[in-house]
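Below is one structure, written out as structure tokens, with a few remarks after it.
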Amino acid sequence: MGWGLQPRLTRKILTMKFATWNVNSLTVRLPQVLDWLQANPVDVLALQELKLTDDKFPVDAFRQAGYHAECFGQKTYNGVALLSREPALNVVRNVPGFADDMARSISAEVNGVRVIGAYFPNGQEPGSDKFEYKMAWLKGLRDWVRGELLTHPRLVLMGDYNITFDDADVWDPVGLKDTIHCTEEERYHLRALIALGLHDSFRLFAQPEKSYSWWDYRDFAFRRNHGLRIDHILVSDALKPLVTACVIDKAPRKNERPSDHAPVVVTLADTNKV
DNA sequence: ATGCCTCAGCTCCTGAGA
């Protein structure tokens with residue numbers, strides 16, 4: 001009997017990889033996204049800040065790379081998309097129940113998992129109109145996700161949250177205390193999402209200190225690791241036991257014309273056994 | 001620091017990002 005016939009070695013472990021990446025203009029970054037997908041053939045990739053309209057979305061380029069693509073574009077600002085190896089079913093654009101003139105959320109079912117890819121509002125500055133909009137958007141998202149979890153216990157909520165969880169996500173927690181992405185009001189909303197039955201997959205594992213997902217273009221911030229962890233992949237209670245890894249891939253941030261964000265990737269094992 | 005860097009738009013500059 002050969003080794004290959006032993007059950008230990010023949011049992012197939014099914015895994016799924018989900019990733020999120022704010023590309024800061026898909027027009028500029030398309031070659032990098034295609035390169036990254038070739039090196040990192042994830043099952044689902046959520047993209048944010050496309051900064052292009054649907055008619056300019058490069059659906060053919062992604063199809064040739066082996067991906068279905070669903071887009072929710074917008075001129076100049078925002079814009080999100082979901083790429084998936086398997087077809088995306090029941091696609092929903094924006095946050096139902098929250099009136100919004102910006103393209104910030106796209107969701108679908110892939111392999112029985114409800115996936116939401118979102119570009120959370122920046123908020124600009126505490127006290128500003130944009131900050132109030134951010135707070136309202138977060139409440140709208142939470143009210144929607146609460147209901148989604150009832151009908152889709154297997155759920156992944158990922159994207160550019162524009163919020164840090166705590167000081168561990170901030171390169172200079174003293175200097176940046178109470179500034180945008182680091183305020184208690186924003187973090188309250190992030191914890192409220194967690195309280196729905198979601199988990200920050202990155203912190204399910206030991207991680208390098210000073211792990212960030214965004215670095216300012218200015219002031220050699222990446223080289224000095226002056227960053228924030230504001231891109232997150234939250235998984236539902238039902239999926240949490242299946243998460244085997246979560247990493248931030250800093251490699252694309254070293255490209256010649258990089259996005260200011262790095263991709264985040266989560267790996268789930270045996271998704272069909274849930 | 002009303003700055004720094006990058007992107008879109010239609011510019012030779014502004015707004016926005018984070």
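We name chains A, B, ... by the order of the sequence lines, and we start the count at 1 in each one.
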Report task. Using a heavy-atom cut-off of under 4.0 Å over every strand shown, decide if A:H226 touches base, sugar-phosphate, or nothing. Result -> nothing
Report task. Report the residues that fulfil side-chain hydrogen bond (donor to acceptor under 3.5 Å, both in side chains) with A:D35, sequence neighbours left out, ordered by chain and then residue number. Result -> none
Requested in this report: Could you tell me whether A:I230 contacts a base, only the sugar-phosphate backbone, or nothing, with contacts defined as non-hydrogen atoms closer than 4.0 Å?
Outcome: sugar-phosphate
Query - B:dC13 to B:dA18 separation - P atoms, rounded to the nearest Å - result: 26 Å
Query raised in the report: Which pairs, with at least one residue in residues 51-74 of chain A and sequence neighbours excluded, count as a ring pair (Phe, Tyr, Trp, His ring centres under 6.0 Å)?
Result: A:F57-A:F62
Query - Pairwise salt bridge (Lys or Arg N to Asp or Glu O under 4.0 Å) hits with a residue in residues 203-215 of chain A, at least two apart - result: A:D169-A:R203
Requested in this report: Report the residues that fulfil side-chain hydrogen bond (donor to acceptor under 3.5 Å, both in side chains) with A:E109, sequence neighbours left out, ordered by chain and then residue number.
Outcome: A:N90, A:H152
Query raised in the report: Counting any heavy atom closer than 4.0 Å, what does A:D231 reach on the DNA or RNA strands: base, sugar-phosphate only, or nothing?
Result: nothing
Query raised in the report: Heavy atoms under 4.0 Å, any strand shown: does A:K130 hit a base, just sugar-phosphate, or nothing?
Result: sugar-phosphate
Report summary line: side-chain hydrogen bond (donor to acceptor under 3.5 Å, both in side chains) filter on A:K17, not counting sequence neighbours, yields A:T267
Query - B:dA1 and B:dC12, which share atom name P, separated by this distance in whole Å - result: 31 Å
Query raised in the report: Are A:R191 and A:E184 ion-paired here, with the side-chain N under 4.0 Å from a carboxylate O?
Result: yes
**Report entry** Hphob cluster co-occupancy, A:V80 + A:L52, side-chain heavy atoms under 4.5 angstrom
**Finding:** no
Query raised in the report: Does A:E49 or A:V28 map to a spot on DNA chain B nearer the 5' end, using the closest nucleotide for each?
Result: A:V28
Query raised in the report: How far does the P atom of B:dC10 sit from the matching atom of B:dT6, given to the nearest Å?
Result: 22 Å
Query raised in the report: Mapping A:K56 and A:N78 to their closest nucleotides on DNA chain B, which lands nearer the 5' end?
Result: A:K56
Requested in this report: Taking salt bridge (Lys or Arg N to Asp or Glu O under 4.0 Å) as the test, write out the residues that go with A:D167, two or more places apart.
Outcome: A:R187
Report summary line: Sequence neighbours excluded, the answer for ring pair (Phe, Tyr, Trp, His ring centres under 6.0 Å) partners of A:H226 is A:W171
Report task. Identify whether any heavy atom of A:N162 sits under 4.0 Å from a base atom; if not, whether one sits that close to sugar-phosphate; answer base, sugar-phosphate or nothing. Result -> sugar-phosphate
Query raised in the report: In residues 207-225 of chain A, what residues come within less than 4.0 Å of DNA chain B, judged by heavy atoms?
Result: A:W214, A:Y217, A:R218, A:D219
Query - Span of DNA chain B, from the first to the last nucleotide whose atoms fall under 4.0 Å of chain A heavy atoms - result: B:dC4 to B:dA18
